[in-house]
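A, B, ... follow the sequence lines: proteins, then strands. Residue 1 opens every chain.
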Amino acid sequence: MVTEEQIEHVSKLMKIDIDDHKEYVDKVQAMIDYFDVLDSADVESEEISMQEITISNLREDKYVPFNEKLIDKLNNYKGTYVRAPKMS
Amino acid sequence: MNLKISALEFVQQVQNGNISAEDFVAKTLERIQSIDDKLHAFLFVNEKAIDQARDIDKKIKSGSKVGACFGMPISIKDNMCIKDSKTTCASKMLENFVAPYDATVITKLKEQDAVFVGKVNLDEFAMGLTTEFSAFGSSKNPWNTEYVPGGSSGGSAVSVSAFECVASLGSDTGGSVRNPASFCSVVGYKPTYGLISRYGLISYSNSIEQIGPLTRTVKDTAFMLNIISGLDPNDNTTIDNKNEDYLSGIDSGIEGKKIGIIQEMVGEGTDPTVLSATKDAISKLENLGATCEDVSLDMVKYSVAAYYTITATEAGSNLARYDNLRYGYDFSVEGYEFNSYIAKARRNFGPEVKRRMIIGGFVPSAGHAGKYFLKAIKVKSKLTREINEAFKKFDLLIAPTVPILPFKIGEKINDPVSLFLIDINTVTANLTGKPSISVPFTISNGLPIGIQLLADSMNDKLLLQAAYALEQTITLQEVPI
Amino acid sequence: MTKIGLEIHCQLTNLKSKLFCSCKANYREFEINENICPICMGLPGSLPRLNQEAVKKATMIAMALNCTTPDKIAFFRKNYFYPDLPKNFQITQLNIYGETSIGGTGSIIVGDKKIRITRIQLEEDPGRLIYEGSSSKNLITLVDYNRAGTPLVEIVTEPDFENPKQVRDFVNILSDLLENLEVSDPGLDGAMRSDANVSIEGGNKVEIKNIGSFHDLEKAVHFEITRQESLNSRDIQIIQETRHWDDKRKITVSSRSKEEDLDYRYFLEGDIPWIIIDPKTKENLKSNMPESISSKKERYVSKYNIPTQVATVLSSDKFYSDLFEESHTEVTAKEIANIITTDLMGLIDTREKRKESKITATHLKDLADSIQSGKISRNSAKNALYEIVKTGKNLSKVMSELDLGNVSDESELLGIIKAVIFEELKAVEEAKSNPQTINYLVGKVMQKTKGKADPKLTLDLLKKQLK
């Protein structure tokens, strides 16, 4: 059973502001509580499998500049830097 | 001019000189103009489409080499990057984002002279099953505009079903291509994981999602797959399909093939009409020479919980980059401190995305990861083992694509868990990486039902053969729009 | 019992491209935000493309530090928000599903202490934050992403260091080792940074971050030990926390950020499959590794009879050991080692001077040959060296232009010797009874010839004259 405090804590971590508190929290609680069904899955001894590739398939170490001036197409400050908010 | 033709028919007609690409594309744009107000499949329409088609006609006339698409009009789900076009993921967070590069699938289609008529609607950041979570309004099912078209690739399914394009590319994370295909009565395909490059697909849950075509016929899907699949150095998770030709031998039939009926997907919770359609499909397949038997995949009952746990975790991470600093929408940092700016900027996410972000922060967090996230990836592993076992005995697996019929807009939007469960038949293919297709099978009381087939990894060719065989036994109604 | 551990970050500056894209690995020559692409900017839809050479070089580093290397490596996401992190997660390595980092446990000897390595990981560097404006009120935070995605190797040690000096020695050894492996140029600004953790008397561990240079590392560690000792002596508990190094005030300061909220939610990076590093690749890497510093040193001592002190200094400096390797022969090895360590190192003592220096292996070869054959005295050799470093002219030219050649013409020398004998009658008398005085006379001849007299010839001729 996930609590309202836990949900608030996580929303700060994820930098998500929650409005309409109660309704919101109720829905998130319901969703997470549904996952309790995983408790009865007998998977303790299961190994995790992953895709594999060999080192020879990896990208060759070569300098290839991007073919345009990318910063012009993004938010920029005086054409060069990206501006960030004040860091505390 | 008849717009109600398949992609292959279009190609043939253009090659024969019966129609010109320009005329067809112009007619398509007219169609979009006249009906899309009702359907809202399109977020952006490409005004230059007719010019582009005309250029291709010129190429054809001059006898120079023309790509396999011959100017066919294709719609693209708005979570794939087309260079210098807006790519919004149906979100206010990316309202002003213009992609500076083409997705690999776009590059490949451009090389084959496809014409993109526009970007189509989706659930915001592909999170949803009905397209109701789009920040720019829901799309409508062309079979009955009071009903949902399915999701998240709702715009793709609608545009193909309503003849607003000849084919579409969507993305499938938990059924997002197959589900709307089933609800709108078109073919929807999710390939083996790694068959189609995800470079340029805006990530939601990168370890399980794939781009997939939506078309009117199975052969059209094979045609699209031939163009967009294959190893891509820009995507380290792609696999080498050795330039397999998915069209050749597609009519080989399924004589002698063994098909497993997934018990957990035809049991309690399945609408009786859907169940009876499934039984009908099974007997049709048996008449074609296949043998069908029951099979059980025990982990299916945990698959939805595992799916949402894993996807929320990955989404929480994949969407962290949207802090509006480098791109996004107009909102200056002036006067703001870091934490408050980011939290405020991310208010532009819709409510469902926000919910998934919070879940995605919770389930892998220290202290909870063991109960949720780690459990979920172990369920994924065990389900994969179970389905691999099944494929030792069976060539294919079958189940209804969606356990229920399409429902009305607004009907399920406030009940997130019941919405989750609509995915129960489709997430297995995503979690296990297996290819899966939804074939439009029948219409019941004006609402479409699709049948789903699955094959083992890299057996996409066999899967298409089976789907084609099934499709040939059906004559579908025409969409009433 | 002081315990210090380090987390050192080394950029692989010798690579051509970044860890996950083809932008340049060494970003220093670029204008702001000119070394970026959709991948290192984390643009929507971009995917990482792992650099093959980075994996190889990092494996080599692990081998050089005697670490275990796994058969398969994996990458993970470390999730947190910061403006210098374009994706708001860093792709890094961890060992949660078995050993999947590029290097496992290893060790390195520092003086008489064995420092254990916990693990080595391959990861990407974030961008850089710059502040514009004067007062803290209107400070503008700006970000340059040129560095984002630069390949980093993080070396984590056990808390085996006992004092700041050991830390300094280790860092020097590590820099030399990395330069010798040809994976990184540690002298480049920002190429090597380190965090530290410090505890005393078995108390709580304090982490120190934001240490800008290795110079500051020793200071920061020293400050922290002092701070903790002071608290201890007043029976005040040392809190387990993260502090950051304040470069201006030269102190560690408690990080007031809500560190308790930091939860990195580590999970596998789904865009990068596990990489199989097969035995053959490892073998190739091992056999192609440049000779280690300790191996060179041993060879210098045992094969060429070079004194240990000289061998230590020479082998640990790649710039000079390369010169040595290229120029020496069995016969001239000791001489060249001497020239380098005694004279050359003092002449070329900064990065800029190394860049500008015009000396080559050929120069050294010629110089050593000439000294040994008596053509030039060691003293004059010093002057020749100075000129060569500055101009690059060959030795014979320099010798003739500056008149540095030894006076080895017998008749010329005899004339000078006779002059000295004439001037130093008293010494000459003494020399008949005290043979040591002859050195004084040799010295006088050297004086007269400004050090250019062939000392051996001078001695012989003098002896003959005195009979």
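Of all heavy-atom pairs spanning A/Ala30 and B/Val417, the tightest one is O-CG2, 3.7 Å. Here the closest non-hydrogen pair linking A/Leu13 and B/Gly361 is CD2-O, 4.5 Å.
Both the backbone and the side chain of A/Arg83 come within less than 4.5 Å of a heavy atom of chain B. At a 4.5 Å heavy-atom cutoff, the contact between A/Val43 and chain B is made by backbone and side-chain atoms alike. For chain B, no part of A/Ile71 is nearby; none of its heavy atoms comes within less than 4.5 Å. Of the atoms belonging to B/Thr384, not a single heavy atom falls under 4.5 Å from chain A. No part of B/Ser365 comes within reach of chain A, as not one of its non-hydrogen atoms sits under 4.5 angstrom from that chain. Of the atoms belonging to B/Pro233, not a single heavy atom falls under 4.5 Å from chain A. Contacts between B/Val379 and chain A at a heavy-atom distance below 4.5 Å involve backbone atoms as well as side-chain atoms. Both the backbone and the side chain of B/Tyr302 come within contact range of chain A, judged by heavy atoms closer than 4.5 Å. For B/Tyr308, the parts sitting under 4.5 Å from any heavy atom of chain A are the backbone and the side chain alike. With a 4.5 Å cut-off on non-hydrogen atoms, A/Val37 touches chain B through its backbone and its side chain both. For B/Ile377, the part lying near chain A is the side chain, with the backbone staying farther off; criterion is any non-hydrogen pair under 4.5 Å. The contact between B/Val363 and chain A is made entirely by side chain atoms (from C-beta outward), counting heavy-atom distances below 4.5 Å. Residue contact with chain A, scored on non-hydrogen atoms closer than 4.5 Å, is absent for B/Leu383. Proximity to chain A (any heavy atom under 4.5 Å) is shown, for B/Asp298, by neither the backbone nor the side chain. Looking at B/Ala306, both its backbone and its side chain come within 4.5 Å of chain A, counting heavy atoms on both sides.
Enclosure of atom NZ in B/Lys110 by more than 12 non-hydrogen atoms of other residues, nucleotides or ligands within 6.0 angstrom is indicated. The local environment of CG in B/Asp330 is sparse, with at most 12 non-hydrogen atoms from other residues, nucleotides or ligands closer than 6.0 Å.
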Worked check of side-chain contact (heavy atoms from CB on, under 4.5 Å) between B/Leu421 and A/Tyr34: CA-CA 11 Å; B/Leu421 288 164; A/Tyr34 171 67; 3.5 Å; yes

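With hydrogens and angles disregarded, no donor-acceptor distance shorter than 3.5 Å links the side chain of A/Lys86 to the backbone of B/Tyr336. Counting only distance, with no hydrogens or angles, the side chain of A/Asn75 and the backbone of B/Leu325 share a donor-acceptor pair below 3.5 Å. Here the side chain of B/Arg326 pairs no donor or acceptor atom with the backbone of A/Asn76 at under 3.5 angstrom. No donor-acceptor pair closer than 3.5 Å links the side chain of B/Arg346 to the backbone N or O of A/Ile16. With A/Gln51 contributing its side chain and B/Thr237 its backbone, the two residues share a donor-acceptor pair below 3.5 Å. Although no hydrogens or angles enter the test, the distance criterion places a donor-acceptor pair under 3.5 Å between the side chain of B/Ser381 and the main chain of A/Glu47.
A salt bridge links A/Glu46 to B/Arg385: one of the charged nitrogens lies within less than 4.0 Å of a carboxylate oxygen. Residues B/Asp84 and A/Lys73 are paired through a salt bridge, judged by an N-O separation under 4.0 Å between the basic side chain and the carboxylate. The existence of a salt bridge linking A/Asp39 and B/Lys371 is confirmed by a sub-4.0 Å separation between a basic side-chain nitrogen and an acidic carboxylate oxygen. Looking at A/Lys27 and B/Asp415, no side-chain N of the basic residue comes within less than 4.0 Å of a carboxylate O on the acidic one, giving no salt bridge.
Considering only heavy atoms from C-beta on, A/Met87 stays 4.5 Å or farther from B/Glu337 through its side chain. No side-chain heavy atom of B/Met357 sits under 4.5 Å from any side-chain heavy atom of A/Lys15. Taking the side chain as every heavy atom from C-beta outward, B/Lys354 and A/Met14 never approach each other to under 4.5 Å.
The candidate with the highest count of non-hydrogen atom pairs below 4.5 Å against chain B, out of A/Val82, A/Leu74, A/Ile7, A/Asp17, is A/Asp17. Heavy-atom pairs under 4.5 Å with chain A were tallied for B/Asp323, B/Ile359, B/Val353; the largest tally goes to B/Ile359. When the candidates A/Asn57, A/Val10, A/Asp33 are compared by the number of heavy-atom contacts under 4.5 Å with chain B, A/Val10 comes out ahead. Among B/Ile239, B/Asn324, B/Val304, the residue with the largest count of heavy-atom pairs under 4.5 Å with chain A is B/Val304. Listed options B/Glu334, B/Met299, B/Lys301 were ranked by heavy-atom pairs under 4.5 angstrom with chain A; first place goes to B/Glu334. Of the residues considered (B/Asn339, B/Asn236, B/Val98), B/Asn339 shows the highest number of contacts with chain A, using heavy-atom pairs under 4.5 Å.
Put simply, CD on A/Glu8 and CD1 on B/Ile358 are 9.5 Å apart, with the number rounded to the nearest 0.5 Å. The distance from atom NZ of B/Lys375 to atom OG of A/Ser40, rounded to the nearest 0.5 Å, is 7.5 Å. Here B/Arg355 contributes atom CZ and A/Ile32 contributes atom CD1; the two are 12.0 Å apart, rounded to the nearest 0.5 Å.
In this structure, B/Tyr372 and A/Phe35 have perpendicular ring planes: the angle between them is above 60°, well past the 30° mark.
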